[in-house]
Amino acid sequence: MDYHKLLNMAAELGRRLMASGAEIYRVEESVNRLLTAYGLEPQVFSIPTCLIVSINTPEGQPITQMYRIPAHGTDIELLERCNALCRRLCRETPPVEEAMRLVEDLDKHGREFSPWTLLLGYIAAPAFFALFFCGTLRDSLCAAIAGLAVGVCLLFGQRLIGSNSFFRTVVCSCVISLVSLLLVLAGLGEHLEIITIGTLMVLVPGMALTNAMREIMASDLISGLLRTTETLLIAAAIALGTALPLLIGQRLLSDFQTQTAASLSTLSCLWAVFACVGFGLVFNIHGRGILICGFGASLGWMVYLLSIGWTHSDVFSAFLAAMSIGAYSEVMARIRRCPVTGYLQVALLPLVPGAGIYNAMRYCISGDSQMFISTLLHTIGFAAALSVGAMLVTSVLRTWLPRFHLWK
């Protein structure tokens, strides 16, 4: 057996998993299981920007492969195909040449939405998030227009705004804030901050924040800290981009109704479904999976609404909601034999404290240190509650389901 080719094949599959947005533990576990299935004892180390895989041949010769992972987004469809291929290779262990061909064919059989369909996702997600935050139909329309503007910038403005994620986020945030302000001043929209925050949800690093907390709690400290730094940088970019237009319109518009008021709206569960369907298009989720994510978001928000009236604590309510989403996502993932990543992370998006990140950075820029620290700590606690709730259910189900032969 050519162990160099075998190592290249496994590392290439791991690289594609990383490029799809898979969690660190999933990448390391997948590559480890694949090489173990071929009779080796690998060592796998991964952080968001690097993947290192090392093996010892039966003759005792060490071989190492390393990949530098560039900046990437989230592609759930690619993640599911990589996961399915890994399962197949572990089960069948075909010859290395055939396995490498199957890995290379991942690009040939991939499905991607057209730019115009992605644009529809950028329109739908802000529109329904504006309703989710208790905005009016006019606010929803304005958020859709602002979402269209930022979608055009992200999909067709690469040559103008470049590929630097920080600068790109600043520009897109400024576009969102400016378009929202102009629409409200023109009389089309009613609540500036509802429109702005609803649209900014497409830029808020919800997945990075959630994954950072999960990885820190799973003892992947380097990955967790890197993702936390990424989250803070993107949050700072959002704050910088939105600051000037908001300061201009601050004295002209009415005060913001907080996200807590949105919990009083029973329609918010429905808006959560449609908002996450929009995110499903952006994250390249195909077929029934996009609806499963939407229903999971609705379930989590319903649990949050019911529990907050009982507990009077939004953090504990977020913990219970994350547990319900985690259980739902694990069950759906096993029914469809797909990674839980897409179902869990997209369904958690309505609970991700996007408004908390936004408000914390706004207080920072305005110089209100006390409110900045208070809001930031509350946002971190809220995100930690989401991560702990989801991880707790995942750990329990992974322990008990195999005993009942429900997970193979």
Query raised in the report: Taking 4.0 angstrom as the limit, do Glu12 and Arg15 come out as a salt bridge?
Result: yes

Query raised in the report: Is Arg101 salt-bridged to Glu104, going by a charged N under 4.0 Å from an acidic O?
Result: no

If you measure from [atom1] on [X] to [atom2] on [Y], what distance do you get to the nearest 0.5 Å?
{"X": "Asn8", "Y": "Met100", "atom1": "CG", "atom2": "CE", "answer": "6.5 Å"}
{"X": "Leu291", "Y": "Ser298", "atom1": "CG", "atom2": "OG", "answer": "12.0 Å"}
{"X": "Thr36", "Y": "Leu40", "atom1": "OG1", "atom2": "CG", "answer": "7.5 Å"}
{"X": "Asp75", "Y": "Arg81", "atom1": "CG", "atom2": "CZ", "answer": "7.0 Å"}
{"X": "Ile285", "Y": "Cys276", "atom1": "CD1", "atom2": "SG", "answer": "9.0 Å"}
{"X": "Thr375", "Y": "Met371", "atom1": "OG1", "atom2": "CE", "answer": "4.0 Å"}

Check: [X] side chain, [Y] main-chain N or O, donor-acceptor pair, under 3.5 Å:
{"X": "Tyr122", "Y": "Ala144", "value": "no"}
{"X": "Ser177", "Y": "Cys174", "value": "no"}
{"X": "Ser30", "Y": "Val27", "value": "no"}
{"X": "Ser374", "Y": "Gln370", "value": "no"}
{"X": "Asn83", "Y": "Leu79", "value": "no"}
{"X": "Ser317", "Y": "Ile308", "value": "yes"}
{"X": "Gln43", "Y": "Val53", "value": "no"}
{"X": "Ser329", "Y": "Gly326", "value": "no"}

Report task. Could you please spell out the steps behind the side-chain contact (heavy atoms from CB on, under 4.5 Å) verdict for Tyr328 and Ile292? Result -> CA-CA 9 Å; Tyr328 170 85; Ile292 293 174; 3.4 Å; yes

Are side-chain heavy atoms of [X] and [Y] found at a separation under 4.5 Å?
{"X": "Ser173", "Y": "Leu203", "value": "yes"}
{"X": "Val184", "Y": "Leu188", "value": "no"}
{"X": "Ser46", "Y": "Met18", "value": "yes"}
{"X": "Leu89", "Y": "Leu102", "value": "yes"}
{"X": "Leu299", "Y": "Ile325", "value": "no"}
{"X": "Ile55", "Y": "Glu41", "value": "no"}
{"X": "Glu97", "Y": "Lys5", "value": "yes"}
{"X": "His378", "Y": "Asp314", "value": "yes"}

Report summary line: salt bridge (charged side-chain N to carboxylate O under 4.0 Å, His left out) pairs touching residues 130-152, sequence neighbours excluded, are Arg138-Glu190

Query raised in the report: Once the angle between the rings of Phe382 and Tyr304 is folded into 0 to 90°, is it parallel (under 30°), tilted (30 to 60°) or perpendicular (over 60°)?
Result: perpendicular

Measure across [X] and [Y] and return the closest heavy-atom pair with its distance rounded to 0.1 Å.
{"X": "Val175", "Y": "Cys153", "answer": "CG2-SG, 4.0 Å"}
{"X": "Pro350", "Y": "Val346", "answer": "CD-O, 3.9 Å"}
{"X": "Ala146", "Y": "Ser180", "answer": "CB-OG, 4.0 Å"}
{"X": "Val31", "Y": "Ala10", "answer": "CG2-O, 3.8 Å"}
{"X": "Tyr38", "Y": "Met9", "answer": "CE1-CE, 4.2 Å"}
{"X": "Gly389", "Y": "Met323", "answer": "O-CG, 3.5 Å"}

Query raised in the report: Among Leu119, Val179, Thr199, which one satisfies side-chain contact (heavy atoms from CB on, under 4.5 Å) with Leu148?
Result: Leu119

Requested in this report: Assess the pair Phe132 and Trp301: is the distance between their ring centroids shorter than 6.0 Å?
Outcome: yes

Report task. Indicate, with yes or no, if the rings of Tyr363 and Phe372 have centres closer together than 6.0 Å. Result -> no

**Report entry** Stepwise side-chain contact (heavy atoms from CB on, under 4.5 Å) check, Phe319 with Val315
**Finding:** CA-CA 6 Å; Phe319 174 76; Val315 174; over 6 Å; no

Query - Within 6.0 Å of CG in Leu137, more than 12 heavy atoms from elsewhere - result: no

Query - Stepwise side-chain contact (heavy atoms from CB on, under 4.5 Å) check, Thr49 with Arg68 - result: CA-CA 6 Å; Thr49 57; Arg68 167 74 175 174; 3.8 Å; yes

Report task. Decide yes or no on side-chain hydrogen bond (donor to acceptor under 3.5 Å, both in side chains) for Ser114 and Thr117, but give the supporting numbers first. Result -> CA-CA 5 Å; Ser114 68; Thr117 304; 3.0 Å; yes

**Report entry** side-chain contact (heavy atoms from CB on, under 4.5 Å) assessment of His4 paired with Ile63
**Finding:** CA-CA 7 Å; His4 287 85; Ile63 311 175; 3.8 Å; yes

